[in-house]
Asker: 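Below is the structure I would like to discuss, written out as structure tokens.
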Amino acid sequence: MGSPPLFYNWSSKIIPWLGLLTLLVLLIGLYWGLFLAPMDYKQGDVYRIIYIHVPSAILGESIFIFMAICGFINVIWRAKISGMLLKAAAPIGMSFTLLVLVTGSVWGKPTWGTWWVWDARLTSTLILFFIYAALIGLHSTIEDKTKADRAVSILSIVGVAIIPVIKKSVDWWQTLHQPSTFTITSSPSMSPDMYIPLLVCLIGFYLFFAYMLTLNLRNVVIERESSKNWVKHVMDQESK
Amino acid sequence: MLPNLKVENLSCVRSNKVVFENINFEVFPGENLEIIGSNGSGKTTLLRTILGLIKPEKGIINWLDENDKFNDFRTFECFYQGHQLGIKNLLTVYENLQLTHGAKGMDENKIYECLERVGLMHINELASNLSVGQRKRISIARWLVKNFKIYFIDEPFSALDDEATSMIEHLIQELNSKGCSFVITGHRPSQVKANRISI
Amino acid sequence: MLPNLKVENLSCVRSNKVVFENINFEVFPGENLEIIGSNGSGKTTLLRTILGLIKPEKGIINWLDENDKFNDFRTFECFYQGHQLGIKNLLTVYENLQLTHGAKGMDENKIYECLERVGLMHINELASNLSVGQRKRISIARWLVKNFKIYFIDEPFSALDDEATSMIEHLIQELNSKGCSFVITGHRPSQVKANRISI
Amino acid sequence: MFGSIFSWLNIILKRDLLIAFRKSSTYITPLVFFLIVVTFFPLALGPQESLLSSLAPGVIWIAALLASLLAVETIFSDDFRDGTLDEFFISLEPSFILVFAKVLIHWLITGLPILFASLIAAIVLYLPFESFIPMLLSLILGTSFMSLLGALGAALSLGRSAILSAIIVLPFSIPTLLMGTSVISSSLTNQDFSGFLMIMGAMLAIGIPLLCLLTVEALLLNYE
Amino acid sequence: MFGSIFSWLNIILKRDLLIAFRKSSTYITPLVFFLIVVTFFPLALGPQESLLSSLAPGVIWIAALLASLLAVETIFSDDFRDGTLDEFFISLEPSFILVFAKVLIHWLITGLPILFASLIAAIVLYLPFESFIPMLLSLILGTSFMSLLGALGAALSLGRSAILSAIIVLPFSIPTLLMGTSVISSSLTNQDFSGFLMIMGAMLAIGIPLLCLLTVEALLLNYE
Ligand code: HEM
Ligand SMILES: Nc1ncnc2c1ncn2[C@@H]1O[C@H](COP(=O)(O)OP(=O)(O)OP(=O)(O)O)[C@@H](O)[C@H]1O
Ligand SMILES: Nc1ncnc2c1ncn2[C@@H]1O[C@H](COP(=O)(O)OP(=O)(O)OP(=O)(O)O)[C@@H](O)[C@H]1O
Ligand SMILES: [Mg+2]
Ligand SMILES: [Mg+2]
């Protein structure tokens with residue numbers, strides 16, 4: 001996978017299968033969550049937003065951690081591929097974070113009576129969104145792409161510190177937002193018939209990320225290597 | 001004898017413009033190199049590329065010590081005097097000499113001596129009150145704070161009067177005899193005994 | 001004919017140190033004056049004193065127009081090129097020429113022409129990417145944006161190559177023939193036809 | 001005569017705006033400062049709506065004031081260092097115009113963006129909609145005055161006398177702050193705020209000629 | 001080996017402190033900023049002791065953060081312009097030390113004066129005496145961390161991309177602010193605040209090596 005042409009060929013084979021699997025898991029998870037799972041006794045059907053809200057929140061955070069790891073590798077070992085991965089992952093993470101903000105606001109109106117409050121979790125999530133936007137914006141302004149990768153890597157390493165703040169915000173400051181239900185150490189406080197579809201959705205979202213990442217990385221690779229022979233070769237073949 | 005510095009096939013590109021191409025030279029201990037070129041020919045860029053402040057497009061820069069060991073340039077003691085002299089306006093002449101990297105642990109008498117050699121009398125004057133030529137002399141006084149292995153001096157003679165010019169020529173000779181080398185630039189050949197390349 | 005500028009008995013003291021004393025000279029239209037002195041002799045200070053940027057200790061600076069009327073120097077059109085060239089790094093070469101005081105209302109072709117005369121080709125390059133000599137050429141191009149009455153140029157030849165040196169000599173001659181005068185400084189007599197004083 | 005002054009003003013404005021535009025920190029840093037201050041308050045003082053909206057006028061004004069004082073320190077220092085300021089004093093034009101142009105540019109790259117940002121701040125801090133106009137008016141007058149004052153401070157501290165500059169800026173910023181805050185909070189309680197605006201306007205009207213002239217004097221101090 | 005690093009650190013510290021001392025605006029401007037923010041609150045809100053002392057933690061922290069971010073933009077720019085930074089990268093010593101020294105100096109000329117000023121602020125805002133120690137502790141940790149972050153921001157914005165520096169500074173100042181405020185307000189209600197201090201300490205402990213290294217990387221980007 002180290003060499004670009006090899007990756008390109010490999011990914012061409014894997015993409016259809018990955019896509020199919022993603023579609024399947026997502027469909028099961030969402031159908032289960034949105035239609036089969038029991039209604040919440042306090043909130044009614046509104047609570048079903050959770051099946052999008054929580055997985056996208058977790059994805060938004062995970063993708064940033066992933067990017068920070070790539071960034072770290074890029075700064076220390078100057079591995080070009082990690083810079084490309086970083087670049088490919090950023091737009092996906094940003095979309096998920098936007099989804100959290102939107103679903104959260106939609107959820108907030110009926111439950112808290114307002115679209116937005118300045119509490120710690122909401123603000124820190126908004127900041128995560130800004131950081132994503134900034135990383136993407138920055139990358140596009142620097143012309144030398146390896147230089148751009150490095151600048152963005154530096155930022156993402158620092159930026160990852162926002163993740164624990166988002167995670168811990170509900171414990172450290174009194175907020176309107178729900179405290180964590182998902183923890184590794186203790187069993188969930190949610191009933192299993194709400195909890196298991198949520199897990200399936202989460203797995204579906206992760207698969208979706210993997211799928212999109214592969215697609216984006218292919219584009220980045222093609223763009224960077226556009227002067228190389230193998231790209232021209234591939235292009236010729238695809239246009240036929 | 002082995003050269004201290006050996007540059008092979010060095011090329012540099014800035015914003016898609018080739019600044020110089022295929023530069024080759026060697027600098028032996030105690031010998032000098034003069035790089036001659038017109039305005040904008042890339043002399044400053046060449047010096048900075050050798051010192052690692054600009055990334056070369058291609059080419060090899062070898063730093064060799066006495067035992068033919070290849071070294072990173074950081075293990076060599078280089079002195080660089082660019083167009084910007086690295087002089088702080090809010091420090092006095094004395095402090096400007098005392099508080100540079102090379103000068104650590106240097107005693108007062110040595111500092112006075114260095115300043116006297118370059119003809120700077122008002123040592124407690126703030127550097128902002130000096131004339132351009134006097135500022136340049138501070139930088140020249142820094143050559144003497146310790147023996148560097150290679151000196152990279154960008155246009156040593158510009159903005160200086162005749163007295164200072166001959167002083168520099170003597171200084172270079174003196175330092176050469178101690179085994180130090182100079183890489184200098186200029187627009188026309190100088191009086192300094194040196195190998196010359198033009199770019 | 002009357003001189004444009006007549007300096008009598010000019011003295012200047014900076015922080016209780018006499019920089020120069022009893023300077024006398026006249027500058028006639030179309031003639032030049034070269035001030036020669038070693039580093040730190042006060043050339044820059046003299047130019048700035050004449051232009052009112054430094055207050056003289058004593059002495060008289062007369063600015064005379066054609067009718068023998070004494071004028072404030074502000075009613076004369078002076079051009080000053082000091083050690084600091086007044087070039088903005090974040091502007092391109094073109095903009096650096098276009099957006100100076102003298103250049104108001106100048107059209108595009110004139111600007112191109114001026115830049116061509118001094119041999120600056122990359123007119124859309126940011127000034128921060130230029131070499132020291134190329135920056136100096138921008139300032140020289142400014143001489144041409146309009147006909148100033150007196151040009152005060154501090155060390156016009158330093159940091160320039162031979163080609164630029166002879167270009168300046170021609171420029172000065174040409175501007176002299178239009179009635180403009182130059183007051184220039186240097187460390188040694190130049191090729192320019194001029195009255196010389198040393199300080 | 002006047003034509004020449006205006007074309008010069010034009011050149012200075014064009015040049016400095018171009019430079020400011022290329023060096024994005026000049027207008028971004030004040031904006032970021034403003035936004036930091038505004039988001040800090042709800043976070044640090046708690047998100048209670050009633051407390052926030054009662055503090056809103058003060059918070060917006062503190063943010064605006066600090067942001068507009070921010071970049072002012074360097075307003076002359078670049079020109080001084082690279083020799084452009086010499087050129088101004090040698091030219092035939094009155095230096096007064098130069099100072100005015102500099103202040104105007106400073107306001108355009110700090111005051112104006114803040115004006116837009118203040119609208120966001122007002123929404124975030126639950127300021128009622130009726131107070132928007134008074135807020136904007138007071139900010140326009142107040143930030144311009146602070147730019148003027150800051151320019152004088154900057155001219156004085158070119159020659160390293162920062163204490164002087166602080167002494168000038170500090171006492172005058174507090175009245176501006178109080179007046180500006182009063183305008184917004186009067187409008188919150190439906191009281192008449194035109195008196196405050198009038199005083200601010202008067203300060204500005206006196207300030208423009210007086211402070212510009214003083215700034216020229218202060219700049220000339222650096223040339224002895 | 002270590003001796004040489006320390007003597008170098010010593011030279012940088014001595015030189016930059018001397019320069020900062022001669023150019024008084026470096027330490028006066030942050031103080032003025034701090035004082036403007038702090039004096040404004042009693043003036044704007046009226047002198048009710050209970051309200052002021054409940055807001056005091058937030059106000060002091062906001063003021064401290066802004067002031068400590070203030071001068072940071074220029075932390076490397078002078079050295080970059082006059083060629084001193086070249087000298088650092090050419091010398092044998094690790095550039096890491098340089099960055100550390102720069103951050104330390106920045107803290108000494110902004111953070112330290114603020115520490116003293118915060119005592120005045122605490123009195124003016126009726127903060128109870130018991131909270132002084134937690135306030136000082138949190139300020140020490142927090143302002144140092146902000147100096148580190150600011151240095152990284154400044155290194156990135158040397159190449160003109162101010163947006164970068166804002167992105168770094170803005171999001172990370174918020175956790176610091178929240179944590180710092182929590183320390184003081186917990187101490188007001190006699191709650192345990194050591195947890196927050198611990199986290200701030202941990203951020204600083206990780207931050208010193210990590211951020212210094214990243215700053216070196218960012219500086220090197222300017223040299224391609
Ligand atoms: C714009 C507003 C909102 C934002 C930005 C937001 C943000 C987040 C984030 C970042 C998480 C993930 C935390 C983690 O990784 O563990 C999360 C989880 C969650 N959110 Fe929200 N949220 C918002 C509104 C809401 C509303 C209105 C509700 C419901 C009343 C809600 C209920 C939840 C629940 C139940 C979780 C799962 C907690 C867990 O299991 O860890 N959120 N939210
Ligand atoms: N960052 C850059 N981007 C684009 N071009 C650059 C950059 N840096 C330098 N150049 C170009 O490289 C050329 C060489 O510049 P350099 O400063 O090395 O010249 P020099 O030989 O030192 O000239 P001088 O004698 O005038 O000092 C110039 O034409 C300059 O415009
Ligand atoms: N503000 C000041 N305070 C004290 N001394 C000063 C001040 N300005 C200049 N001097 C002194 O005046 C002398 C003349 O300086 P000036 O810059 O005029 O020299 P110069 O002839 O231009 O030299 P160069 O050829 O090196 O440019 C110098 O010795 C300098 O130290
Ligand atoms: Mg050069
Ligand atoms: Mg001079």
Asker: Mind checking the CG-OG1 spacing from D/L69 to E/T29? Nearest 0.5 Å is all I need.
Answerer: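 The OG1 atom of E/T29 is 10.0 Å from CG of D/L69, to the nearest 0.5 Å.
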Asker: In this structure, are over 12 heavy atoms from other groups packed under 6.0 Å from D/F172 atom CZ?
Answerer: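 No, not enclosed.
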Asker: Heavy-atom distances under 4.5 Å only: say whether E/L31 touches chain D with side chain, backbone, both or neither.
Answerer: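 No part of it gets close to chain D.
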Asker: Taking atom CD1 of D/I62 and atom CD1 of E/I62, what is their separation to the nearest 0.5 Å?
Answerer: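 D/I62 CD1 to E/I62 CD1: 8.0 Å, rounded to 0.5 Å.
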Asker: So which part of D/Y27 gets closer than 4.5 Å to some heavy atom of chain E, the side chain, the backbone, both or neither?
Answerer: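 For D/Y27, neither part sits under 4.5 Å from chain E.
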Asker: Any chance you could measure E/L35, atom CG, to D/I174, atom CD1, to the nearest 0.5 Å?
Answerer: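 Spacing of CG (E/L35) from CD1 (D/I174) equals 9.0 Å.
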Asker: Just so I understand: if I count every heavy-atom pair under 4.5 Å between each of E/V32, E/L66, E/V59 and chain D, which residue has the most?
Answerer: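 The residue among E/V32, E/L66, E/V59 with the greatest pair count is E/L66.
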